[in-house]
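Read through the structure below, which is laid out as structure tokens, and then see the notes.
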Number of protein chains: 2
Amino acid sequence: MPASTRASGEAPLRAVAERRRAGRPSSAVLDKAGITAAALKLIEKNGYDGLTMAALARSLNVAPSALYNHVTSKDDVLLLVEDHLAALVDVSSFGREPWEEAVRQWAWSYRDVFAQHTPLIPVIAVLPVTDAPQTLAMYETVSAGFRNAGFPPEQIIPAIVALESFIFGSAYDVTAPADIFDPGDMASRTPSFTGAVESLARLGHDKPADVAFTLGLDALISGFGALRS
Amino acid sequence: MPASTRASGEAPLRAVAERRRAGRPSSAVLDKAGITAAALKLIEKNGYDGLTMAALARSLNVAPSALYNHVTSKDDVLLLVEDHLAALVDVSSFGREPWEEAVRQWAWSYRDVFAQHTPLIPVIAVLPVTDAPQTLAMYETVSAGFRNAGFPPEQIIPAIVALESFIFGSAYDVTAPADIFDPGDMASRTPSFTGAVESLARLGHDKPADVAFTLGLDALISGFGALRS
DNA sequence: CCACTAAATGAATGCCATTCATTTATACGA
DNA sequence: TCGTATAAATGAATGGCATTCATTTAGTGG
């Protein structure tokens, strides 16, 4: 649009976050979906430290207080993000693959998604599923997979919870620094530990967290498989 | 000490946090051990929300900035607390009981300690062991237990990491609200999940987290036991 | 003895989530 | 159709937070 077509009093084209005047706008600026998307974009760019209510508001070209018409707290924003991510977890193997394989693929996918979002884990862990429909949908698919695989109904939730606990803990491992197990100057006083660390290092895995995850996941799957009838 | 023995200008006996004047005191007021103890007391009384640098300073009758002569950050305080707790984890079964039993007792103790301190978990997970001598000592005892039980050296660390991941995830479960799995008004659309939740509830366990922990721990122990030679 | 360093105070800084009064626009019920 | 309740925005607080810095005082090593 050439400048000549603009009325004289009109705001300039540059997307300089022209300030909205006070009062309810004709059409709503915010909704939960938009807040969720903006939060995710912010997290991707600046990490969870960059996710502040002020930054979120700014990225939506809105005053911070406006957010509170749509969410009750920052934890509420984290909950929205969490539920969005739950939909990204791959449960498609259930009903397509044998139970062992389905669990394996679900678990890897679940871990990979939340390894990028560990600050959500303390929130999820205490989160009533009622408030997270996508998360609930994931549980439903997984529960059905366990039921169809012949699990006694009362064992299904404990088995899923145990797997989830392992998955969340393992998500932290992914982000741990490579030298986390370097005993430093205590090496001589911790021979067994130091020896174990060194013999593992000698294998030269590029993703040590994956070794532990594979090991634990295999144990859980074969242990739980024995419960089926 | 009777009042009459006190000089006239002396401060009153009441522990009313008489203000110290600026400048280095004759004998040091703070040290890491004292800071750790005060932090733990504060956490016990008011939880982790109550652990602020200001509150910590006040409980030590000191200005907040004085803390920074002994720790570099609040995370540093959390690290001190973590390492103190690591010493409370019971590793005494290693060398006394058979491997399976020793792992079981260590895992329960580890989970129970950190279930009361879940805000530390994100810190521990990324923590280089160099900075935490008590934690390192725990690893040494456990590693020696695995080695003596016939584990291949390069499998020891992955096995411990997998167990630890499960333990940390399970620590969160302990603190979860009882109704965390209530599907609410989505119940009709999540029949498998709802059925699983109900059939577990029918058993009436008073500590549901313990059911999942037992199940997962048994699977991990029997799975890992197969690695021994 | 003197300079350096250690360990405290006290005052600031900047950021943060959240609240509240106010403004404006829409939706619904009489 | 009016007019009141409600929804959704602004803008200005508020109080708490971790952390920093200048300053003061006391011990310590050359």
Side-chain angles (χ1 to χ4, degrees), chain A residues 11 16-39 42-43 45-82 119-120 122-123, chain B residues 11 15-39 42-43 45-82 119-120 122-123 126:
Chain A
V16 204
E18 26 195 306
R19 207 180 271 85
R20 202 180 350 263
R21 82 175 186 284
R24 179 182 184 170
S26 310
S27 76
V29 177
L30 294 178
D31 61 6
K32 294 200 181 197
I35 292 172
T36 308
L42 216 51
I43 291 162
K45 217 206 315 180
N46 304 327
Y48 276 84
D49 284 351
L51 180 64
T52 67
M53 295 302 271
L56 186 53
R58 211 157 55 82
S59 80
L60 288 160
N61 190 28
V62 138
S65 53
L67 294 168
Y68 290 87
N69 288 321
H70 302 266
V71 297
T72 66
S73 66
K74 183 178 179 181
D75 266 15
D76 209 7
V77 174
L78 293 179
L79 172 54
L80 290 174
V81 171
E82 188 278 328
L120 291 179
V123 178
Chain B
V16 203
E18 29 193 304
R19 204 180 273 86
R20 203 183 346 266
R21 80 175 187 284
R24 179 181 186 172
S26 310
S27 77
V29 177
L30 295 178
D31 61 5
K32 294 201 182 197
I35 292 172
T36 308
L42 217 49
I43 290 162
K45 217 201 321 172
N46 304 326
Y48 276 84
D49 284 351
L51 180 64
T52 68
M53 295 302 272
L56 186 54
R58 211 156 58 82
S59 82
L60 289 159
N61 190 27
V62 136
S65 53
L67 294 168
Y68 290 88
N69 289 321
H70 301 267
V71 297
T72 67
S73 65
K74 184 178 178 181
D75 265 15
D76 209 6
V77 174
L78 293 179
L79 172 53
L80 290 174
V81 172
E82 188 278 328
L120 291 178
V123 178
V126 180

With B:Y48 via side chain to side chain donor-acceptor pair (under 3.5 Å) - residues at least two apart: B:H117
Which residue in the set B:L67, B:V62, B:I43 passes side-chain contact (heavy atoms from CB on, under 4.5 Å) when paired with B:L56? B:L67
Can you check whether B:L30 reaches B:N69 side chain to side chain, under 4.5 Å on heavy atoms? no
How would you list all residue pairs meeting side chain to side chain donor-acceptor pair (under 3.5 Å) that involve residues 50-60 of chain A, not counting sequence neighbours? none
Just how far, in rounded Å, is C1' of D:dA13 from OH of A:Y68? 14 Å
What is the distance, to the nearest angstrom, from the NZ atom on A:K32 to the P atom on D:dA8? 11 Å
With B for base contact, S for sugar-phosphate-only contact and - for none (protein heavy atoms under 4.0 Å), nucleotides 5-16 of chain C reads -BBBBB-----S
Provide the closest heavy-atom pair for B:H70 versus B:K32 in the form atom of the first, atom of the second, distance. O-CE, 3.5 Å
